[in-house]
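Report on one structure; see the data block that follows.
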Amino acid sequence: MKIRCSNLGKLMTASRSKGELLSETAKRMIEDMFKDDVYGIYKDFSSRYTDKGIRMEDQAIQFASDVLGWDFGTFKNEDSYSNEYFTGTPDINTDVLLADIKCSWSGDTFPFFATEIPNKDYLFQLQGYMALTGKDTSELVYCLMNTPMDMVEDEVRRAHWKYHLMEEDLELRDVIQKQHNFDHIPKEKRIKRFIIERDNKVITAMQE
């Protein structure tokens, strides 16, 4: 079995017990992989957060391309890569660019002021992609995209259920809709880019 690059962060979680090579998080991830590979028992990791990311991915790539000036025909990569250890499908892989796109769920989860990558798992994910593609530099790009309207409607219904409202509350609807529409924010403020350099020590540690 090979580790997906998206799971490398779990694999590299530090163990709390001295002498234990793998953390409990890493063990659970490997157990899930085993159940899927051997027994066909797949663990569904989807949520409304991941659903938005999947649905908005193509638009986010174009959005990032426009804002960041990627003028070399950027498009969604469909090719998967693997070596002895890892497997993965980076969002963008061209001769001059290796990048992964993350669509934030809401304005509250977008890293407006972050100076470091908020989720360290993505560092390992990009190191895995660089190991697979031979690239020395990669980019992690957060995009603040409007949430699809049907998903916004789901959030409106969820909020009404939460507050036990039988009739529609227009003020509540307005609050929810504003939480998921960002057209009033300048485009360049809706992009957060982190440059990640290849670290062979990290790649070796992941292989080990």
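If you read the sequence from its start, that first residue is 1, and numbering goes on from there.
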NZ/NE/NH1/NH2 to OD/OE distance under 4.0 Å, D91 and K76: yes
Sidechain-backbone polar pair: T109 side chain, W105 backbone, donor-acceptor under 3.5 Å: yes
Inter-residue atom distance T89.OG1 - D79.CG, 0.5 Å rounding: 8.0 Å
L126 side, atom CG; S138 side, atom OG - distance, nearest 0.5 Å: 3.5 Å
Partners meeting salt bridge (charged side-chain N to carboxylate O under 4.0 Å, His left out) with D150 (sequence neighbours left out): R55
Validation row: I117, I196 side chains within 4.5 angstrom (heavy atoms): yes
Any R190 side-chain heavy atom under 4.5 Å of F182 side chain: yes
Pairs flagged by salt bridge (Lys or Arg N to Asp or Glu O under 4.0 Å) wherever residues 170-179 is involved - sequence neighbours left out: E153-R173, E168-R173, D174-K178
Under 3.5 Å donor-acceptor, S15 side chain and L21 backbone: no
Salt bridge (Lys or Arg N to Asp or Glu O under 4.0 Å) evaluation trace for E31 with R28: CA-CA 5 Å; E31 289 168 358; R28 287 195 298 271; over 6 Å; no
Contacts of type side chain to side chain contact (heavy atoms under 4.5 Å, CB included), residue M1, not counting sequence neighbours: M33, F34, D37
Atom pair CZ (F63) and CD (Q59), whose distance is rounded to the nearest 0.5 Å: 10.5 Å
Counterpart residues, side chain to side chain donor-acceptor pair (under 3.5 Å), relative to D58 (two or more places apart): none
Flag side-chain contact, heavy atom, 4.5 Å: L172 against V156: no
Side chain H160, main chain M166, donor-acceptor under 3.5 Å: no
Sequence neighbours excluded, every pair satisfying salt bridge (Lys or Arg N to Asp or Glu O under 4.0 Å) that has a member inside residues 92-104: D100-K102
Spacing of OH belonging to Y49 relative to CE belonging to M151, to within rounding of 0.5 Å: 10.0 Å
Worked check of side chain to side chain donor-acceptor pair (under 3.5 Å) between D121 and Q125: CA-CA 6 Å; D121 286 358; Q125 183 177 5; over 6 Å; no
Student check: side-chain heavy atoms of K43 and D36 closer than 4.5 Å: no
Any donor-acceptor pair under 3.5 Å from S17 side chain to E20 backbone: no
Considering all heavy atoms, the nearest V141-A64 contact: CG1-CB, 4.2 Å
Stepwise side-chain contact (heavy atoms from CB on, under 4.5 Å) check, I101 with C143: CA-CA 7 Å; I101 302 291; C143 297; 4.0 Å; yes
Side chain K52, main chain S47, donor-acceptor under 3.5 Å: no
Residue pairs passing the ring-ring contact (aromatic ring centres under 6.0 Å, His included) test where at least one lies in residues 111-140, sequence neighbours excluded: F110-F112
Report, one line per pair, each donor and acceptor closer than 3.5 Å where one atom sits in a side chain of residues 3-14; sequence neighbours left out.
from: T13; atom 1: OG1; to: G9; atom 2: O; distance (Å): 3.1
from: T13; atom 1: OG1; to: K10; atom 2: O; distance (Å): 3.2

Test salt bridge (charged side-chain N to carboxylate O under 4.0 Å, His left out) applied to E116 - qualifying residues, sequence neighbours left out: K120
Counterpart residues, side chain to side chain donor-acceptor pair (under 3.5 Å), relative to E139 (two or more places apart): R193
Donor-acceptor contact present, side-chain K192 to main-chain A114, <3.5 Å: yes
Contact list for residues 195-208, test side chain to side chain donor-acceptor pair (under 3.5 Å), sequence neighbours left out: T137-E197, R198-N200
N83: side chain to side chain donor-acceptor pair (under 3.5 Å) partners, not counting sequence neighbours: none
Full working for side chain to side chain donor-acceptor pair (under 3.5 Å) between S106 and D108: CA-CA 5 Å; S106 65; D108 185 55; 5.1 Å; no
Validation row: N93, K135 side chains within 4.5 angstrom (heavy atoms): yes
Atom OH of Y39: over 12 foreign heavy atoms under 6.0 Å: no
Partner set under salt bridge (charged side-chain N to carboxylate O under 4.0 Å, His left out) for E24, not counting sequence neighbours: K27
salt_bridge(D32, K35) N-O dist < 4.0 Å: yes
Close side-chain approach of T25 to M29, heavy-atom, < 4.5 Å: no
Beyond-backbone contact of H180 with I176, side-chain heavy atoms, under 4.5 angstrom: yes
